[in-house]
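Written below as structure tokens is the structure these notes are about.
These values consider heavy atoms only, across backbone and side chains, with no hydrogens, waters or symmetry-generated copies.
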Amino acid sequence: PLYKTDKVFSYRGMANFLCANYKESIKDYNLAININNENSLYFINLATSKKMMKDYNGALKDINSAIKLDSTNSFYFRERGLIKNKLGDYLGSLSDLQKALAKSTLRDYKRYGGYKYTEIKSYQSNLYKEIGKVEIKLKDYIKAISSLNMSISLSGGNSTYKWYAKEAFLYRGIAKYELKDYQSACSDWYFKKQVGFFSSKYISDPVILQSVKHNGSSIYSLYKKHCK
């Protein structure tokens, strides 16, 4: 009967996920997998639901299963990299994010959804940003700045993906701060000096600068201490 097929359970799992019913979503994807354990999307969607429940170890296990079924999917390596970051495995996270970047080709985008070239660039911008954030945790500040430069360059002025660049500026400022280049760090945290497409109300916004922490301190506290 139709109601017992893996696709039906997966559709209901997605509906539950979109309604933030993550526990029910997990149940549905497990039911789908019990019927068909060769669909990598079921495992990645199950992992995403577990991630929302902060079950990072469980999510990692499911992503590993997805990658075993499809080792060519850039998104799977990105998700595993983000989960490993959450678990404190920064070297593993960096490796997976770099693999995700290497696999993020136009061919793969056509295969997995037919995204436009601008969307590929935004995705790669996001990957470089996440790579830079991990490199900061590994205290490799020079490489972090290089990665975040790429993130900012790829994001351009695309209004849909401004946040990638905004966050990249925040973290590039952190890397420069650690290198004691306070003037450049302040310039990154004062956005209007860098790019014209940012909203003026966003410039040095305390709410935004307080939202990102570094070594227990908010960027806002560092900004007040070192920036005029």
Original post:
Do Ile33 and Asp62 touch side chain to side chain, with heavy atoms closer than 4.5 Å?
Top reply: no
Original post:
In Å and rounded to the nearest 0.5 Å, what is the CG to OG distance from Asn39 to Ser10?
Top reply: 7.5 Å
Subject >> Phe17 side chain reached by Met52 side chain, heavy atoms, under 4.5 Å >> reply: yes
Subject >> Pairwise side-chain contact, Glu167 with Lys129, heavy-atom cut-off 4.5 Å (strictly under) >> reply: yes
Original post:
How about Tyr42 and Asp6: does a side-chain donor come under 3.5 Å of a side-chain acceptor?
Top reply: yes
Subject >> Note, Asn149 side chain near Ile145 side chain (heavy atom, < 4.5 Å) >> reply: yes
Subject >> Check: Gly92 main-chain N/O paired with Asp89 side-chain donor or acceptor under 3.5 Å >> reply: yes
Original post:
Is there side-chain contact between Ile63 and Ile67, with heavy atoms separated by less than 4.5 Å?
Top reply: yes
**OP:** Return the set of residues passing ring pair (Phe, Tyr, Trp, His ring centres under 6.0 Å) with Tyr11 (not counting sequence neighbours), or none when no residue passes.
**Re:** none
Original post:
Which atom pair, heavy atoms only, marks the closest approach of Ser217 to Leu222?
Top reply: CB-CD2, 4.4 Å
**OP:** May I ask you to decide if the ring planes of Tyr182 and His226 are parallel, tilted or perpendicular, using 30° and 60° as cut-offs?
**Re:** parallel
Subject >> Any donor-acceptor N or O pair under 3.5 Å, side chains Ser74, Ser104 >> reply: no
Original post:
Which atom names give the shortest non-hydrogen contact between Ala168 and Ile152, and what distance separates them?
Top reply: CB-CG1, 3.6 Å
Original post:
Lys99 versus Asp96: any side-chain heavy-atom pair under 4.5 Å?
Top reply: yes
**OP:** Decide yes or no for Phe43 and Tyr76: does some side-chain heavy atom of the first lie under 4.5 Å from some side-chain heavy atom of the second?
**Re:** no
Subject >> With Ser147, the side-chain hydrogen bond (donor to acceptor under 3.5 Å, both in side chains) member among Glu130, Glu135, Arg172 >> reply: Glu135
Subject >> ring-ring contact (aromatic ring centres under 6.0 Å, His included) between Tyr123 and Phe75, worked out >> reply: CA-CA 10 Å; Tyr123 175 67; Phe75 300 102; 4.8 Å; yes
Subject >> Phe9 side chain reached by Ile35 side chain, heavy atoms, under 4.5 Å >> reply: yes
**OP:** Sequence neighbours left out, what passes salt bridge (Lys or Arg N to Asp or Glu O under 4.0 Å) with Lys51? Give chain and number order.
**Re:** Glu79
Original post:
Side chains of Asn85 and Lys137: donor-acceptor distance under 3.5 Å anywhere?
Top reply: yes
**OP:** For Leu138, check side chain to side chain contact (heavy atoms under 4.5 Å, CB included) against everything at least two apart and list the hits.
**Re:** Tyr90, Leu91, Leu94, Val134
